[in-house]
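Only this structure's heavy atoms are used, side chains among them; waters, hydrogens and symmetry mates stay out. Each residue takes its place number in the sequence, starting with 1. Both counts, for ligands and for their atoms, begin at 1 and track the order of listing.
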Amino acid sequence: MEQPQYLLEWSDKTLMKEAKVILITGASSGIGYDAATKLAQQGHCVYAAARRLELMEPLKALGVKVIRLDVTDETSIQQCVETIIQAEGRIDVLVNNAGYGFFGAIEIVPMEEARRQLEVNLFGLARLTQLVLPQMRKQGCGRIINTSSIAGKMVIYMGGWYNVTKYAVEAFSDALRMEAKPFGIDVVMIEPGSIKTNWGPIAAQHLREASAGTAYEEAGARWANSMEWLYKSRIPSSPDLIAKAICRAVNSRHPKARYCRGRFSVSGRVAHALLPARWWDAMMRRMGRVKI
Ligand SMILES: NC(=O)c1ccc[n+]([C@@H]2O[C@H](COP(=O)([O-])OP(=O)(O)OC[C@H]3O[C@@H](n4cnc5c(N)ncnc54)[C@H](OP(=O)(O)O)[C@@H]3O)[C@@H](O)[C@H]2O)c1
């Protein structure tokens, strides 16, 4: 017997799920790109959003609809949400995934860079959330999936402002989960560890540039070398692992509050929780002194 159109086969198990209208941000590379690919392959109606449209062009072959979105621009955010609601009449899942790391010592990272990082990693996510919530409440159901990080659970050497943004995403999501539940809306956090994407080289580059010509030049350059080495190595996990966790959070009938996946995501959190602060600080500083 032919399956109705709104049903689709999910993963290699024969679990049948309803196709959902999904907006995923930060879909032009890394985790977001892989998640958009997988969700489209599962038969969902996927809107992939980012600034670099050209990088999302191949997704169109999978039926993904591509939208230009700058999460720091109010007009761009509003247009993105309106376009989807007008076209589909609903929005079932928002995956807030756009983000980046501007590493550097607190003393030297310019305040405008700190603010910009908060704009992208926190306020952009928050504004999109505000705009989809009325529609989700009207529907009586919905799901908001926020890409947090292990950096929202443990503090990384010279990653201060990035840590601030991800700790904030954790608190924001925990608060939202309680408020949205009575309306049938689930809030989920994805907490990746070290994942092999452009994120690492971008954070290292910012660290090197911010540190140059300052008291932190040598320490910053060493730490940037270590980060570059790590992200070139085979140690970080594949973005595919996180994309699978996002699919699980989308498809699961009762999603977990957090999905913690990837290299160092568990070991890092346990060590940070158990070690006295002085030991943690010493370990981080020692890692920063390694010459590569
Ligand atoms: N890789 C890791 O080790 C790791 C670990 C933990 C958490 N994470 C988190 O995972 C998420 C995805 O990162 P990734 O690893 O996949 O890195 P990535 O490959 O660098 O992807 C980052 C995505 O964010 C988008 N983005 C950045 N600024 C934006 C803006 N102003 N407006 C709209 N989109 C913007 C980028 O698109 P455009 O530049 O085209 O706009 C890009 O698609 C981020 O939130 C990151 O913090 C990554």
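Side-chain contact between Lys65 and Cys45 is present, with at least one heavy-atom pair separated by less than 4.5 Å. Leu207 is listed as a side-chain neighbour of Met158, based on a closest heavy-atom distance under 4.5 Å. Between Ile185 and Arg137, the closest side-chain pair of non-hydrogen atoms falls below 4.5 Å.
Polar contact with ligand 1: absent for Val120 (N/O pair, distance under 3.5 Å). Polar contact check, Ile31 against ligand 1: a nitrogen or oxygen pair lies under 3.5 Å apart. At least one N/O-N/O distance between Asn97 and ligand 1 falls below 3.5 Å. Checking only distances, Ile150 never comes within under 3.5 Å of ligand 1, N or O to N or O.
Of the heavy atoms in Ala151, none comes closer than 4.0 Å to ligand 1. Here Phe264 has no heavy atoms under 4.0 Å from ligand 1, in either its backbone or its side chain. Heavy atoms of Ile195 found under 4.0 angstrom from ligand 1 belong to the backbone as well as the side chain. With a 4.0 Å heavy-atom cut-off, ligand 1 is reached by the side chain of Lys166 but not by its N, CA, C or O.
For the pair Glu119 and ligand 1, no heavy-atom separation below 4.0 Å is found. Proximity of Thr25 to ligand 1 is not established, as no heavy-atom distance is less than 4.0 Å. Note on ligand 1: Ser194 sits in its first shell, one or more heavy atoms being nearer than 4.0 Å. In this structure, Gly193 is part of the shell of residues with a heavy atom less than 4.0 angstrom from ligand 1. The shortest separation from a heavy atom of Tyr231 to ligand 1 is under 4.0 Å, placing the residue in contact.
A distance-only check finds no donor-acceptor pair linking the side chain of Trp161 to the backbone of Val109 [under 3.5 Å]. The backbone N or O of Trp280 lies less than 3.5 Å from no partner atom in the side chain of His272, so there is not a single donor-acceptor pair. Not a single donor-acceptor pair under 3.5 Å links the side chain of Ser76 to the backbone N or O of Thr72. A donor-acceptor pair under 3.5 Å links the side-chain atoms of Arg143 to the main chain of Val250, judged by distance alone. Side-chain atoms of Asp92 come within 3.5 Å of backbone atoms of Val21 as a donor-acceptor pair (strictly under, hydrogens ignored).
Of the protein's heavy atoms, Arg51 NH2, 2.8 Å lies nearest to atom 39 (O) of ligand 1. The single protein non-hydrogen atom nearest to atom 46 (C) of ligand 1 is Tyr162 OH, 3.7 Å, given as residue, atom name and distance. The nearest protein atom to atom 17 (O) of ligand 1, hydrogens excluded, is given as Thr197 OG1, 3.5 Å; this is a heavy-atom distance. Scanning all protein heavy atoms for the shortest distance to atom 32 (N) of ligand 1 gives Val71 N, 2.9 Å. Nearest non-hydrogen protein atom to atom 31 (N) of ligand 1 is Asp70 OD1, 3.1 Å. Nearest non-hydrogen protein atom to atom 21 (O) of ligand 1 is Ser29 OG, 3.1 Å. Of the protein's non-hydrogen atoms, the one nearest atom 43 (O) of ligand 1 is Ser28 OG, 2.8 Å. Nearest protein heavy-atom contact of atom 10 (O) of ligand 1 is Thr147 CG2, 3.4 Å.
Closest to atom 35 (C) of ligand 1 by heavy atom, among Ala98, Gly26, Cys80, Ser149, is Ala98. With Pro192, Ala27, Ser237, Gly99 as candidates, the residue nearest to atom 22 (C) of ligand 1 on a non-hydrogen basis is Gly99.
Ring geometry for Trp199 against Tyr162 counts as tilted: the plane angle lies between 30° and 60°, on a 0 to 90° scale.
Each of the following atoms of ligand 1 lies closer than 4.0 Å to a heavy atom of Ser148: 7 (C). Residue Leu69 has at least one heavy-atom neighbour below 4.0 Å for each of these atoms of ligand 1: 32 (N), 33 (C). For ligand 1, the atoms closer than 4.0 angstrom to any heavy atom of Gly30 are 16 (O), 19 (O).
Checked against the 6.0 Å centroid threshold, Phe103 and His206 do not count as a close aromatic pair.
For the residue pair Gln117 and Glu113, no side-chain donor N or O sits within less than 3.5 Å of a side-chain acceptor on the partner. With 3.5 Å as the limit, one finds no donor-acceptor pair spanning the side chains of Ser148 and Asn146.
The cluster map of Ile, Leu, Val, Met, Phe, Trp and Tyr, joined by side-chain heavy atoms under 4.5 Å apart, puts Val95 and Ile31 in the same cluster.
The salt bridge (Lys or Arg N to Asp or Glu O under 4.0 Å) search around Arg258 returns Glu170, Asp174, Glu191, not counting sequence neighbours.
Sorted by first and then second residue, the salt bridge (charged side-chain N to carboxylate O under 4.0 Å, His left out) pairs with a member in residues 195-208 read Arg208-Glu228; sequence neighbours excluded.
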